[in-house]
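As C-alpha cells, the structure follows; a few thoughts come after it.
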Amino acid sequence: MGEYTAGSQNETNVVEFILMGFPGSVYLQVSMFSLFLIMYILTVLGNASIVILLITNQRLHTPMYFFLCNLSFLEVWYTTASIPKILAIFLGRSRSISFTACVLQLYFVYSLGTTEQFLLSVMAYDRYLAICRPLHYNTIMDIGLSGKMAFGSWLCAFFVVSIPAVLISRLSFCGSNVINNFYCSIDSWIALSCTETYVIETACFVIAIFVSIGSCLITFLSYVSIITTILRIPSTKGRQKAFSTCSSHLAILILWYGSAIFLFVRPSKQTSLEMTKVVNVLNTVVTPLLNPFIYTLRNKEVKDAFRHSLQWGCHKIHTV
C-alpha cells in the first residue's frame, strides 16, 4: 500500500502516505461525507459572512471587530486546509497524499491553529483594556497597535511552526506509511518514523509551552482581571453589560484551549491516535463552525449590523 523508494539500512524514502480517515461501511462513509460537507459549507459561509459584514459596516471598524475579522478569515482557511481532503476520502476517490503535500498540509494546519491561539490571547488583552482600563482604551488600543498585534500573530505563528515542519520533513520511515488520521498531523508522523524522534518531540513540546501555555496564561490573567473588575461594578445591569462584551470570546476560549492543549502538548508515540483523531475533529471542524454562530448570537452589535444589512438588501431588491 503506497509507494516507496529504497534506502539504506532498511530505511525507506516515502513518496506518499495513506490517510485512514474514519474506516467503516459505505453507509457510514456517505453519512460522514454529508455531515462534514454541511459543516464545511456552514463554516465557510458563516465566517465569510462575518468578514464581509465587518468590512462593509463602518460602525464595526473597531479593534475588537478587527480581531474578530482576522479570526473569521483564518477559520475559512483553517478548515480548507484539511476538510476537502477528508471529503475526498469519504467519497473513496483517494486516500493517498504525496510526501510534499502532507508536509504542506501539516505546516498550514498547525500554522493557522497557532495563529488562532495568538489571536485569541490578543483578543483577551483587548477585552482587558476595554473593561479594566476604559479611560485609556482608545489611546492604547488604536488601529495601529491592533494591526501590529494581528500581523505579529500571523507572522510569529508561521515562523514558529516552520521549525517542527522542517525537522519532521527529514524523518525516515522503514515500515508502514499509513497515517491513522484524516489529515497529516505531527503525532502521526512521529508514530510512523523509525528515526529517533526525541529532538522533534522536545522541540514540539517546547513550542507548545510557548504557544499554548503562554497564550493561555495571557488569556487567563486577562480574564482574572476582567472578572474581578466586573464583580466590582455596583449595578447588576452594569455587570451584565460588561460581561456581554466578552462572553462570546470566553465561550470560544473554552472550546479551543481544551482541545488545542491536548494536541500540541502531547505529540508522542505514547499518545492514543484514536483519541487524538476525535480531538482533531473538535479542533479543526467543530470549533471553526461554532465561531460565527457564537459571536453572532451573543453579540448585539453584530446582530444589529446583520439585521441592518438584510433590511438594506431587501430594500434594494424591492426597488429594482
Side-chain angles (χ1 to χ4, degrees), residues 1-26 28-30 32-33 36 78-114 161-205 207-208 262-285:
M1 185 180 295
E3 297 181 10
Y4 301 87
T5 59
S8 62
Q9 299 178 346
N10 295 324
E11 293 185 356
T12 308
N13 296 322
V14 175
V15 176
E16 65 177 21
F17 290 97
I18 305 299
L19 296 172
M20 284 292 291
F22 297 91
S25 63
V26 175
L28 177 62
Q29 296 295 311
V30 173
M32 293 291 285
F33 170 80
F36 273 67
Y78 186 49
T79 55
T80 301
S82 59
I83 292 186
K85 183 61 181 179
I86 300 172
L87 297 176
I89 293 173
F90 284 138
L91 285 179
R93 295 289 178 85
S94 176
R95 292 181 180 272
S96 65
I97 182 170
S98 70
F99 183 93
T100 302
C102 200
V103 173
L104 288 174
Q105 186 187 60
L106 179 149
Y107 177 68
F108 281 108
V109 167
Y110 280 85
S111 293
L112 292 168
T114 302
V161 175
S162 66
I163 298 172
V166 170
L167 292 174
I168 285 174
S169 67
R170 296 178 178 178
L171 289 176
S172 297
F173 304 87
C174 51
S176 173
N177 68 331
V178 178
I179 293 178
N180 187 16
N181 210 329
F182 56 84
Y183 78 101
C184 297
S185 61
I186 291 177
D187 52 323
S188 297
W189 278 57
I190 291 175
L192 292 178
S193 176
C194 59
T195 309
E196 174 57 52
T197 59
Y198 175 77
V199 173
I200 296 176
E201 291 186 40
T202 302
C204 290
F205 182 79
I207 291 172
F262 177 90
L263 293 174
F264 283 84
V265 174
R266 300 182 61 193
S268 68
K269 292 183 179 180
Q270 285 71 41
T271 303
S272 169
L273 291 179
E274 291 302 322
M275 178 62 71
T276 300
K277 192 187 299 186
V278 173
V279 178
N280 272 321
V281 172
L282 175 65
N283 192 262
T284 61
V285 181

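Under the side chain to side chain donor-acceptor pair (under 3.5 Å) criterion, T100 pairs with no residue, sequence neighbours left out. Listed by chain and residue number, nothing satisfies the side chain to side chain donor-acceptor pair (under 3.5 Å) test with S111 (two or more places apart in sequence, or in another chain).
Taking all atoms of both residues into account, the shortest heavy-atom contact from F36 to I83 is O-CG2, 4.4 Å. Contact record, Y110 with S185: OH-CB, 3.5 Å, taken as the closest heavy-atom pair. Across I86 and F182, no two heavy atoms sit closer than the pair CD1-CD1, 2.9 Å. Annotation for S169 and W189: closest pair CA-CZ3, 4.2 Å, computed over non-hydrogen atoms. Taking each heavy atom of L19 and I89 in turn, the nearest pair found is CB-CD1, 3.6 Å.
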Practice prompt. Kindly determine whether V103 and I168 satisfy side-chain contact (heavy atoms from CB on, under 4.5 Å), including the steps that lead there.
Written response: CA-CA 8 Å; V103 173; I168 285 174; 5.9 Å; no

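In this structure the side chain of V30 reaches within 4.5 angstrom of the side chain of V26, judged on heavy atoms. Residues I163 and I207 form a side-chain contact, since some pair of their non-hydrogen atoms from C-beta on lies under 4.5 Å apart. When side chains are defined from C-beta on, T79 does not count as touching V285, because their heavy atoms never get closer than 4.5 Å. A heavy-atom distance below 4.5 Å is not found between the side chains of F17 and V178.
The backbone N or O of S96 sits less than 3.5 Å from a side-chain atom of K85, completing a donor-acceptor pair. When atom types are taken as modelled, the side chain of S193 and the backbone of S172 share a donor-acceptor pair closer than 3.5 angstrom. Remark: the backbone N or O of S188 is not paired with any side-chain donor or acceptor of N181 at under 3.5 angstrom. Checked by atom type and distance alone, the side chain of Y78 never pairs as donor or acceptor with a backbone atom of F108 at under 3.5 Å. Without hydrogens or angle criteria, R95 side chain to M20 main chain gives a donor-acceptor distance under 3.5 Å. Between the side chain of T197 and the backbone N or O of I200, no donor-acceptor pair lies under 3.5 Å. Here the side chain of Q105 pairs no donor or acceptor atom with the backbone of Y183 at under 3.5 angstrom.
The line from CD1 of I97 to CG of L106 is 10.0 Å long, rounded to the nearest 0.5 Å.
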